[in-house]
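What follows is one structure encoded as structure tokens, with my remarks underneath.
Just so we're on the same page: letters track the sequence lines, and every chain starts at 1. Only a predicted model underlies this, so the values are computations on that prediction, with no experimental measurement involved.
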2 protein chains.
Amino acid sequence: MAREPAALAATDGRVPGRRGRATRQRLLDATADLLEGTPWRSIKVIDIARRAGTSPATFYQYFENVEQAILVLAEELTEGAGELAALVEGNWSPEAAWDTAQAVVQQFMDYWEANRAVFRVVELATEEGDLRFRGLRVRALNAVTEALAEVVSGTPSARSVTSSRTRIRHESPAGTDPMAVAATLVSMLAHVAAHRYGFEFWGIRTHSLVESQARLLLWAVTGTTPPS
Amino acid sequence: MAREPAALAATDGRVPGRRGRATRQRLLDATADLLEGTPWRSIKVIDIARRAGTSPATFYQYFENVEQAILVLAEELTEGAGELAALVEGNWSPEAAWDTAQAVVQQFMDYWEANRAVFRVVELATEEGDLRFRGLRVRALNAVTEALAEVVSGTPSARSVTSSRTRIRHESPAGTDPMAVAATLVSMLAHVAAHRYGFEFWGIRTHSLVESQARLLLWAVTGTTPPS
DNA sequence: CCCGGATCTGACGACCCGTCAGCTCGAAGC
DNA sequence: GCTTCGAGCTGACGGGTCGTCAGATCCGGG
């Protein structure tokens, strides 16, 4: 599955050379810039072209439409997700669990923050029923969700020591279907991260949000409350 | 604050008569219909006008743009929220808490479901930074969030009996700032409700989602797990 | 039956879309 | 340094929506 070449191919099927790739990249950069400060549905091809110092017709040589250009930008999201999943699969032993929970929440919010503009579009497009964005969203969050499901389904103390390959269904504090629990938790993380500034404006400090999310996460995984 | 008349006023400031109001309503109905099956940003004034059997110019006599028409539709959301808040403030005594938690989650999802199309727009527009929609969203969810915050901040057993006016800060299981905890929980509810079909497609049953959310909610409020 | 205000609409300039055919550019070969 | 040729770029166009008038139409009261 050679996705990279396919993604790079111009709309007429030819593979661009050096100059073409540079132009394509300028168009992508311009798109990313505009994304920071504009509702994406009102980003016009002509705006992107102007900012990239080229013409609309050139844009159409590399992308079908604005949406597809953003999709290319969003592909990068899937990279950071793996890192996050690794963190989730970290140490949930009684001594370390609280730190792990906090770190997961913090890193999730950082991850979201670093890609805020793009994430926003992914959310919007997914909710509007766009299947390509939905697929991308699944790919980006699925790694985290599945890691979380696995952690949730294992007995906390046992999991941190033994291999989790033994898929014995333990009763987790938060429910019986680990994927449902994980999906619920990821929903919480995603939505809070997305609305973080709204909450802040509303007088709720980000620090408090991290804490309450971490507590819920900790409890869902280990059934315990933080020390002290 | 006479908001209703202001909302009804035509764009030129005059208050419409009987015929005018009927036309306005036809335009609103047409908008609601289109909303069900179309990404809202691609709903054209001309579509609404055609479906309402009138002309675009007439549309502009009653609404500034499509957005504002949808905003009027969304005003109705705030009605259902009060009901939900009342349910949240219900009985959290040890015997009833689990039932209450489940009922809250279920009703939240029903509420969302009943207004899915409109809620979707509210979410999208809010995330795009539209202040009018954000305000409306706050109004719709704030009642629930504050009710939840109050329930969370009170000692569960005491709260169900005494007045919660005594605002003593109890340590709640899920965190120290009740509003942060409530906001986190409402985020969870909203996001899961919004992505319900996505999860279902992904093999996660709605029933399981209700359960895991209810468990988290129960724990955040009472610090307990459901009976049996 | 007529009148006046409420309501509606045809028509218009402005703008963006997406697509050609044809032009420009740059580097490889001599 | 010059020519050549194909990759890459763009001007210009038909098609469509937007938002706004001025004027036509409707309707109830006199």
Legend entry - Nearest-nucleotide 5' precedence on DNA chain C, B:T23 against A:A57: B:T23
Inset, instruction - Send over the distance from B:I46 CD1 to C:dA11 C1', rounded to a whole Å. - result: 13 Å
Legend entry - For the student: nearest non-hydrogen atoms of A:T31 and A:I70, plus distance: CG2-CG1, 3.9 Å
Inset, instruction - Grab the CD1-C1' distance between A:I43 and C:dC16 for me, whole Å please. - result: 15 Å
Legend entry - Separation of atom CD in B:Q61 from atom C1' in C:dG5, rounded to whole Å: 13 Å
Inset, instruction - Check whether any side-chain nitrogen or oxygen of A:T58 sits under 4.0 Å from OP1 or OP2 of D:dG8, and answer yes or no. - result: no
Inset, instruction - Measure from the side-chain heavy atoms of A:K44 and tell me the nearest of C:dC17, C:dT9, D:dC18. - result: C:dC17
Legend entry - Residues B:E113, B:R116: salt bridge by 4.0 Å N-O rule: yes
Inset, instruction - Could you state the atom-to-atom distance from CG of B:L27 to P of C:dT7 in whole Å? - result: 13 Å
Inset, instruction - Might you work through the side chain to side chain contact (heavy atoms under 4.5 Å, CB included) test for B:V121 and B:F133, ending with a clear yes or no? - result: CA-CA 9 Å; B:V121 178; B:F133 276 100; 4.2 Å; yes
Legend entry - Validation row: B:E67, B:W40 side chains within 4.5 angstrom (heavy atoms): yes
Inset, instruction - Using only side-chain N and O atoms of A:Y60, determine if any of them is under 4.0 Å from OP1 or OP2 of C:dG18. - result: yes
Inset, instruction - Return the nearest nucleotide to the side chain of B:V45; candidates are D:dG19, D:dT10, C:dT9. - result: D:dG19
Legend entry - B:R26 CZ - C:dC8 C1' separation (whole Å): 11 Å
Inset, instruction - Examine C:dT9: is either OP1 or OP2 under 4.0 Å from a nitrogen or oxygen in the side chain of B:T54? Give yes or no. - result: yes
Legend entry - Interatomic distance where CZ belongs to A:F59 and P belongs to C:dG18 [whole Å]: 9 Å
Legend entry - Atom-to-atom span, OH of B:Y62 to C1' of D:dG19 - whole angstrom: 17 Å
Legend entry - Whole-Å distance separating the CD1 atom of B:I48 from the C1' atom of D:dC18: 13 Å
Legend entry - Charged N-O contact under 4.0 Å between B:D177 and A:R205: no
